[in-house]
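Okay, so here's the structure we're looking at.
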Amino acid sequence: MASQAHVETLALREQFDTEAQQKDASTLGMWIFLITEIMFFGGMFLAYTVYRGAFPMVFAVASSSLALILGAVNTVVLLCSSFTMVLAVRAAQLGQQRAIILFLILTLLLGGVFLGVKAYEWKDKFEEHHIPGPTFHLEGVATDQQGHAQLFFSLYFAMTGLHALHMVIGVGILTFLIFQTRKGRYTADYMTPVDVAGLYWHFVDIIWIFLFPLLYLIDRHMK
Amino acid sequence: MITAAVQEREHYLNASYGIKSWLLTKDHKRIGLLYLATITLFFFLGGAFATLIRIELLTPQGGLVSSETYNKLFTMHGVAMVFFFLIPSIPASLGNFFLPMMIGARDLAFPRINLLSWYLLVIGGLFSLFAMLAGGVDTGWTFYTPYSTTYSNTWVIATALGIFVAGFSSILTGLNFIVTVHTMRAPGMTWFRLPLFVWANYATALIQVLGTPVLAVTIVLLFCERVFHIGIFDPVLGGDPVLFQHLFWFYSHPAVYIMVLPAMGVVSELISTFSRKPIFGYRIVACSSLAIAVLGFLVWGHHLFVSTQSVYAGMVFSFLSYFVAIPSAIKVFNWTATLYKGSISYATPMLYAFGFIGLFTIGGLTGLFVACLGIDVHVTDTYFVVAHFHYIMVGGTIMAYMGGLHYWWPKMTGRMYPEAWAKLSALVIFLGFNLTFFPQFILGYLGMPRRYHVYPEEFQILHVLSTAGASVLAVGYAIPMMYFIWSLRYGKLAPANPWGATGLEWQTASPPPAHNFEETPVVTHEAYDYSTVIGEVIEVG
Ligand code: HEM
Ligand SMILES: [Cu+2]
């Protein structure tokens, strides 16, 4: 095996000996990155756990003021987007350029719908004075517990905000992939970027699967 | 001997020229050197703050600077040293340079991400530097709430953002190392043939990848709290300031192992090379690195013994802290066992390795003192704790870092450093270090609190000793700085393997070609098998 680097291509960067090695490295890299993401979100989930444990009743009331229908719709939208992402990866494996582009665009649109609904929800919160700050007020919570309710909304905004930021980054990645696919960069032999982008998209999806029940569904049966 | 023809051979330093060839390089060796330069700057910046602190503490009245300024000095000393020097130090400079070579690879798995991570460190550093120049920050390197979120009027946000960005540099380095060790090993390089330096950096990378994101999210929450008053750490709204301490130490205790594990890896290389024996109990030493990485995540509560943590939690954390000392002790015992009947040479790197073992042992044992609930209530927040962690971070990590620099300098630059000067400065550093920090154990035990600049007169003599030691230490660090630079031009030309060491990095020319090896090495022996060494060994005084 000669150490002299071969001519560099996208499918085989000069530091690698074989395409399989490069694909292994990229995939492992993405998985490790996702683990760091779990730890990153983990800090917020920890804060959520601590304060929900401390103020269970207020959190239940605050949670039931969220728009359940919109949250549920968004959950379905995201699940569908994961499905179209899988189809895009599949198309990439088969080397079907047009299908890759089609499914990536679908995924992109569904992601856009999610972000739109989210923005609408946030706007509502603004109008209802549910934004943490001096004007914060939540109906049905005693005055001395408004602060605890505000904590719920702080966590709500921090967690959904961070999630939305990841969605925006995901949309950026999808757009990049669409342009690259149009240039014919991906073939059945080399589609690692589509593959690892898929991993990222599913991860962002899964975060939402946790956020939705934790934020929207606390003690719904109490009502 | 080296002929002129060999001298003009192409290698990674002369493969291309110009500032762009450095700032856009994807070569892990060049990036290692970029890191080396960057962290050296931060080391001297942190050193400048330390100098001012020590001068201030010469007299008990605290006359030189105001209390506010003093708070800023120790904060900026800690921030520069911990986040911009110690955390990146060995992995990002020596690790970057040698980890791929030691496993027989041409580069790291993701060279562009590697370059990106250097830029992130620089950007984070500039943020923090800006904060320091604009007026500084005074919360301590620990940023405890509610002071940092509500009361401090200094540049908390800019500094914290700098640390946030630098954190991603650390994450990306860790990610790169893990993937590289998994996928880029040369044929025959099995896991249990990896040099212990690689094992140590691998374990460090695990901590970087698992711990640093938690620091990042903590800084995000701190930011939200300070800017938007969201209440997470604010008792007025039902939040809890101590939650910050839990999150912070969940990263920062493991982070102390980010600082010391790579140092242990360096020492394993040095001890083996300069006693010409394989490391005693190689597999156990390798696995103890992993054990430290795992156990290190379970002991953060020993920083909260007096922070409203329940007594029972305290007892569990105390117990677990004793546990984490076991793998560290295993290493120390195995190094000493390696020395037994070894053919020991006292070259400069070995002197540093000896320094490390002695000082790390003191630092680690005093770690057990402070991990003991009853004793800690007495010495917490005193100079005893300051001495404890300086014995490990300066006496341990920086000793090993200096040892590693001397050991690999010939490989990195193709030049030898002057041995006599190097020995002298190693000695000066060792003496200066102990004179600086040993009195601090006594000071702390007698009750001198940390982070105060006005103190009772009876403590002055110990403080004067400490400041005197710091001056000696400063001289000790200045000498290598000068002869390293001198050696770049005037040092003796280095052969490929000046120490007769076994690692793959020594089986290629000094300095190495751009792609490290003329031919991908095939590994057929265990690590540290001295029967295989070829190459000349030069006499070192
Ligand atoms: C042998 C295992 C170790 C044990 C059991 C241990 C234990 C402790 C304990 C209990 C404290 C808290 C003392 C207090 O605040 O009252 C402490 C502080 C500290 N230790 Fe260690 N330690 C160990 C190793 C290390 C290592 C390897 C490092 C660094 C490389 C380190 C760096 C620090 C630092 C920086 C602090 C002070 C943090 C601060 O409050 O500013 N320790 N250690
Ligand atoms: Cu600790």
Item to complete: Flag the pair I32(A) / V179(B) as yes when at least one side-chain heavy-atom distance between them is below 4.5 Å, and no otherwise.
Response: yes
Worksheet entry | Part of A25(A) lying under 4.5 Å from any heavy atom of chain B | both
Fill in: Heavy-atom pair with the smallest gap, counting every atom of F40(A) and A216(B)
CE1-CB, 3.3 Å
Practice prompt. Select one option (side chain, backbone, both, neither) describing which atoms of I35(A) are under 4.5 Å from chain B's heavy atoms.
Written response: side chain
Worksheet item: Which region of F55(A), side chain (C-beta onward) or backbone (N, CA, C, O), has a non-hydrogen atom less than 4.5 Å from a non-hydrogen atom of chain B, or is it both or neither?
Response: side chain
Item to complete: Please check if the side chain of Q150(A) supplies one atom and the backbone of I230(B) the other of a donor-acceptor pair under 3.5 Å.
Response: no
Worksheet item: So, does Y51(A) use its side chain to make a donor-acceptor pair with the main chain of G239(B) at under 3.5 Å?
Response: no
Item to complete: Check whether any side-chain heavy atom of V220(B) sits under 4.5 Å from a side-chain heavy atom of L162(A), and report yes or no.
Response: no
Worksheet item: Got a salt bridge between D107(B) and R13(A), using NZ or NE/NH1/NH2 to carboxylate O under 4.0 Å?
Response: no
Fill in: Contacting region of L46(A) [heavy-atom separation from chain B under 4.5 Å]
side chain
Worksheet item: Knowing that exactly one of V214(B), L210(B), I171(B), L172(B) qualifies, which makes a side-chain contact (heavy atoms from CB on, under 4.5 Å) with T36(A)?
Response: I171(B)
Fill in: Any donor-acceptor N/O pair, Q15(A) side chain to R106(B) backbone, under 3.5 Å
no
Worksheet entry | Engaged part of F153(A) at the chain B interface, taking heavy atoms whose separation is under 4.5 Å | neither
